[in-house]
Amino acid sequence: MKRRVLSLILVPFLLFYALPVGAVEKEERKWQDETIYFLMVDRFNNGDTSNDKNVNTEDPKAYQGGDFQGVIDKLDYIKDMGFTAIWLTPVFDNQPMGYHGYWITDFYKTEEHFGSMKTFKKLVEEAHKRDMKVMLDFVVNHVGPEHPWVDDPEKEDWFHENQPMNFNDEESLQNAWLYDLPDLNTENPEVKDYLFNAAKWWIKETDIDGYRLDTVRHVPQEFWDEFSDEVKSVKEDFYLLGEVFDRDPEKIAAYNDVGIDGFVNVPQAEEMRSVFQKPDTSMERLFNFWKYNESDYNNPYLMGTFIDNHDMERFTRMLVQEKLFPGTRWKLALTYMYTTPGIPIVYYGSEIAMDGGDDPDNRRFMNFRTDEELIDYTTRLGEIRQEYPALTRGDIQPIYEKDGMGIFKRTYKDQTIVIAINNTSETQNVQLTKEDLAENHELKGLISDDLVRSDKAGNYHLVLDREEAEIYMLKNKSGLNYPYLFALGTMYFLFLLFLYLVWKRGKDKKKQK
């Protein structure tokens, strides 16, 4: 009886603390809620030295020793930073020196330097145990020059004629040999069937969750339309991320209706790199990309947003050239990427501000012995993004921008998140009005625990140090909640009255006996 009474007394408190202001009920997980860690298998972690054949750590174009077991060993490292999915460069069998995975010689075998199919399946299984998804890079445009098909007379019509590429001609873009790699004739029904079947086989065999599609613009749109239907028939919610490497959004948008869910957002990445390369750079043009994304792409929330990748010099190199401290600049760029619409993709090593010039210098072997300040910051961003649906599903609205000081908000249902980024070389003091935000509220900092209360006029005064960022949750002003206390008091009164009546009834029964 005592336990029952105690639990009844505790119920109001539990209800009160279980529903904080601004909370949004947990909804079914979607791809737009993911945060992706992109790694090059050979350059990440060596977990099995038995497959270290022809490894040469002194040659940046040779195998360095990274493998599937190495990725398995670091899954907790990746998950602890808040990543919910990993994207791996191609894992298929490659010709010698094909450390990157893009010189495929067999679509049905794993690269021996990376490990066996059994180990790869274990990788996927272990990732799924941690509630992490796995994406593979899949290449249909070309194969390695040493693929057996290249010298097979019966496969002659499986390839386009070897010719130099004219990037200004659509037919040449789709038929010429990119970087002198044998270009597959994807119009050939036999080639299509082979690629479709291989793509579906990997899904059935290993239970992977998505493909990043390489060199999309070099393959006819009709192929992608069929490819998308085929692979999505195998697994529900299978994600396709296309690569159309072009700075013109319209060139990317041309592939909107071929069944590919999203594309790596190259134009926005270039703008982010430019804006956050040095302080006192206006964010106005970057803010405009939200409008471009909404107008150009079918679903901007499924676009892949990134700052670094394996085809560009590392962002850190740009910062070093400006003689700036990379960690500070990375924090600003990551804050922006994590809080705007799209799926953040972080290239391995970015969490430690890894340096590197053009390919292959941008593919250095990962260093796990380093300062963890930026790792901790990345981890906090990941936590915040997962905790607040407004950051993955909400609309976006600019509030303020001047010479590099930018503020915008994300709103989803009754949740509002405000992001302030001071990309200037001076402390900034900005006043937001009740027209910008609801009056009689406060802004609770989620990174540094800052607290900004609205004044009597309903204004908010934000003070942000140079080259700093903060993410705020808009909430009711803290303090005594009189309506709630009154309701709580009424409930306790009725409860105590109930106990008294039960007690009195019991006492009357005893007297009757």
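Hydrogens, waters and symmetry mates play no part in the numbers below; they use all other heavy atoms, side chains included.
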Inset, instruction - Apply the test side chain to side chain donor-acceptor pair (under 3.5 Å) to residues Gln32 and Thr392: give CA-CA distance (whole Å), side-chain angles for both, the deciding distance (0.1 Å), then the verdict. - result: CA-CA 6 Å; Gln32 68 195 66; Thr392 62; 5.4 Å; no
Inset, instruction - Decide side chain to side chain contact (heavy atoms under 4.5 Å, CB included) for Met117 and Thr206; before the verdict, give the C-alpha distance in whole Å, the side-chain angles of both, and the deciding distance to 0.1 Å. - result: CA-CA 9 Å; Met117 177 63 77; Thr206 69; 3.8 Å; yes
In terms of heavy-atom contacts, does [atom1] of [X] have more than 12 from other residues, nucleotides or ligands at under 6.0 Å?
X	atom1	value
Arg247	CZ	no
Lys278	NZ	no
Lys232	NZ	yes
Glu112	CD	yes
Tyr179	OH	no
Lys251	NZ	no

Could you measure the distance from the [atom1] atom of [X] to the [atom2] atom of [Y]? Nearest 0.5 Å is fine.
X	Y	atom1	atom2	result
Leu88	Phe38	CG	CZ	9.0 Å
Phe245	Asp214	CZ	CG	11.0 Å
Glu190	Leu195	CD	CG	12.0 Å
Asp180	His142	CG	NE2	11.5 Å
Asp93	Phe114	CG	CZ	10.0 Å
Lys121	Ser116	NZ	OG	9.5 Å

What I want to check is whether the side chains of [X] and [Y] have a donor and an acceptor closer together than 3.5 Å.
X	Y	value
Gln163	Asn175	no
Asp225	Gln221	no
Asp355	Thr316	no
Asp137	Thr89	no
Arg385	Thr35	yes
Asp257	Asn298	yes
Gln95	Thr105	no
His160	Glu187	yes
Glu351	Tyr37	yes
Thr305	Tyr338	no
Ser448	Glu470	yes
Tyr102	His310	yes

Ignoring hydrogens and angles, tell me if any N or O in the side chain of [X] forms a donor-acceptor pair with the backbone of [Y] under 3.5 Å.
X	Y	value
Glu126	Ile72	no
Asn256	Ala253	yes
Asp152	Pro148	no
Tyr292	Gln268	no
Trp31	Asp237	yes
Asn185	Asp157	yes
Gln174	His218	no
Lys331	Glu468	no
Gln415	Ala390	yes
Asp308	Tyr347	no

Checking [X] against [Y]: charged group under 6.0 Å from the ring centre and within 45 degrees of the axis?
X	Y	value
Arg43	Tyr99	yes
Lys204	Trp201	no
Lys109	Phe92	no
Arg212	Phe306	no
Lys133	Trp87	no

State, to 0.1 Å, how close [X] and [Y] come at their nearest heavy-atom pair, and which atoms those are.
X	Y	value
Phe107	Val139	CE2-O, 3.3 Å
Pro341	Ile396	CD-CD1, 3.6 Å
Val264	Ile345	CG1-CD1, 4.3 Å
Asn141	Asp183	OD1-OD1, 2.9 Å

Once the angle between the rings of [X] and [Y] is folded into 0 to 90°, is it parallel (under 30°), tilted (30 to 60°) or perpendicular (over 60°)?
X	Y	value
Tyr63	His113	parallel
Tyr77	Phe44	tilted
Phe120	Trp202	perpendicular
Trp290	Phe287	parallel
Tyr211	Phe138	tilted

Legend entry - Glu313 and its side-chain contact (heavy atoms from CB on, under 4.5 Å) partner, picked from Asn362, Asp358, Asp361: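 That would be Asp358; it is the only one of Asn362, Asp358, Asp361 passing the side-chain contact (heavy atoms from CB on, under 4.5 Å) with Glu313.
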Check [Y] with [X], please: is the shortest side-chain N to carboxylate O separation under 4.0 Å?
X	Y	result
Arg410	Asp395	no
Asp414	Lys475	no
Arg393	Glu27	yes
Glu383	Arg380	yes

Legend entry - Check: Ile375 and Met81 side chains under 4.5 Å, non-hydrogen atoms: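 In contact.
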Inset, instruction - Might you work through the side chain to side chain contact (heavy atoms under 4.5 Å, CB included) test for Ile252 and Asp296, ending with a clear yes or no? - result: CA-CA 9 Å; Ile252 301 173; Asp296 289 330; over 6 Å; no
Inset, instruction - Carefully, step by step, assess Asp209 and His128 under the rule side chain to side chain donor-acceptor pair (under 3.5 Å). - result: CA-CA 10 Å; Asp209 306 286; His128 286 171; 2.8 Å; yes
Legend entry - Near-ring test Trp224/Tyr255, centroid separation under 6.0 angstrom: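 Not close enough - the centres of the two rings lie 6.0 Å or further apart.
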